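These notes concern the structure reproduced below.
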Amino acid sequence: MKLTFSAMLIALYFVSDRFTAINLLSNQYKLSFIPLILAAVFLGPVWGMAVGGLGDLISALIMPTGAYFPGFTVVSALMGLTIGLLCYKKLTVGRAVLAVFLCQGVGALVLNTFNLAFYFIVNGIDKYGSSVTAIIGALAVSRAIQAGIYFVVEVLFMLLLIKIKPRLDAVLPWQKETAQQSESGARDMSETYDE
């Protein structure tokens, strides 16, 4: 069931990554964070990492927007892992804000800025100048705006998830199984002590 759900989320990642792009202030904004967060919160860190990494890889291979660069795939996988580690077992406002801050501050702003700079240098693109410092400086300003907007939107999405997660946990099949297993385990333990 988890495999099927994650496959659906990877497909949703592809669709949202390639067909929901909005160009604003020289940056591109996509809704691909939604399936990544859903995988990490409801399936766990490993599944979140798989959805982030495979979703980005499949998007880049099926509908490339330029030469494939693995650094972006690694960052996307790390974002799924980070959100899963912080928010899978216990989704609170503090954990959600910290997870989004790490993903946008470290992942999107720092790592992807260096990924883009490296990509431009390797491919001989001199859009921002020829020196490494000029490229990183120009990208950092633009990507800081993008990371700030994503931070606000993703935190709002996580706050919505905090509200509806108990209802979704009640209907997700693997969540019911986990609850039933822990309940039966507790019952077995009490029966053992009674004997």
Side-chain angles (χ1 to χ4, degrees), residues 1-21 28-116 118-119 143 146-147 149-162 164-165 168-169 172-175 177-178 181:
M1 285 183 278
K2 286 186 174 184
L3 184 62
T4 304
F5 189 59
S6 65
M8 288 170 32
L9 289 173
I10 289 170
L12 182 61
Y13 187 105
F14 167 73
V15 170
S16 60
D17 191 60
R18 289 299 180 241
F19 299 106
T20 65
Q28 202 172 58
Y29 300 88
K30 305 171 183 180
L31 297 177
S32 54
F33 68 88
I34 293 174
L36 188 143
I37 289 173
L38 290 174
V41 168
F42 290 104
L43 298 172
V46 174
W47 294 99
M49 184 171 66
V51 169
L54 289 173
D56 186 78
L57 177 65
I58 291 168
S59 296
L61 294 179
I62 292 177
M63 289 183 68
T65 55
Y68 174 70
F69 186 71
F72 299 116
T73 302
V74 170
V75 170
S76 186
L78 288 175
M79 287 179 175
L81 178 69
T82 302
I83 294 170
L85 287 173
L86 288 169
C87 301
Y88 175 54
K89 294 290 184 186
K90 189 174 183 183
L91 181 59
T92 62
V93 174
R95 285 172 176 259
V97 170
L98 178 61
V100 173
F101 175 77
L102 289 173
C103 287
Q104 290 306 316
V106 177
L109 182 57
V110 176
L111 296 178
N112 275 345
T113 298
F114 283 108
N115 282 338
L116 269 174
F118 186 74
Y119 176 81
R143 294 197 58 79
Q146 184 183 39
I149 291 171
Y150 266 121
F151 177 80
V152 172
V153 171
E154 288 181 18
V155 165
L156 291 174
F157 181 71
M158 294 285 265
L159 293 176
L160 174 67
L161 272 186
I162 290 170
I164 64 173
K165 189 174 186 303
L168 292 174
D169 283 341
L172 292 173
W174 60 87
Q175 299 289 39
E177 284 179 9
T178 307
Q181 286 172 354

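Only this structure's heavy atoms are used, side chains among them; waters, hydrogens and symmetry mates stay out. Numbering starts at 1 and runs along the sequence shown. What you are looking at is a predicted structure, and each value in this text was computed from that prediction instead of being measured.
- For the pair Phe33 and Val153, the minimum side-chain heavy-atom distance is below 4.5 Å.
- Contact annotation: the side chain of Lys165 approaches that of Phe42 to within less than 4.5 Å [non-hydrogen atoms, C-beta and beyond].
- Among pairs with a residue in residues 29-56, those fulfilling salt bridge (Lys or Arg N to Asp or Glu O under 4.0 Å) read Asp17-Lys30, at least two apart in sequence or across chains.
- Summarising the local packing, CZ of Phe69 is surrounded by more than 12 heavy atoms from other residues, nucleotides or ligands at distances under 6.0 Å.
- Residues Leu3 and Trp47 meet the side-chain proximity criterion, which asks for heavy atoms closer than 4.5 Å.
- In this structure the side chain of Met158 reaches within 4.5 angstrom of the side chain of Leu91, judged on heavy atoms.
- Pairs passing the side-chain hydrogen bond (donor to acceptor under 3.5 Å, both in side chains) check and including a residue from residues 62-72, sequence neighbours excluded, read Tyr68-Thr73.
- Every ring pair (Phe, Tyr, Trp, His ring centres under 6.0 Å) that Phe5 has, sequence neighbours left out, goes to Trp174.
- You'll find the side chain of Phe72 reaches within 4.5 Å of the side chain of Leu116, heavy atoms only.
- Tested against Leu9, the residues Thr4, Leu36, Leu54, Leu43 include a single side-chain contact (heavy atoms from CB on, under 4.5 Å) partner, Leu43.
- For the pair Thr82 (side chain) and Leu78 (backbone), a donor-acceptor distance under 3.5 Å is present.
- In terms of modelled atom types and a separation under 3.5 Å, the side chain of Arg95 and the main chain of Cys87 share no donor-acceptor contact.
- Proximity of Phe151 to Val97: side-chain heavy atoms (C-beta onward) are separated by under 4.5 Å at one or more points.
- Side-chain atoms of Gln146 come within 3.5 Å of backbone N or O of Gln28 as a donor-acceptor pair.
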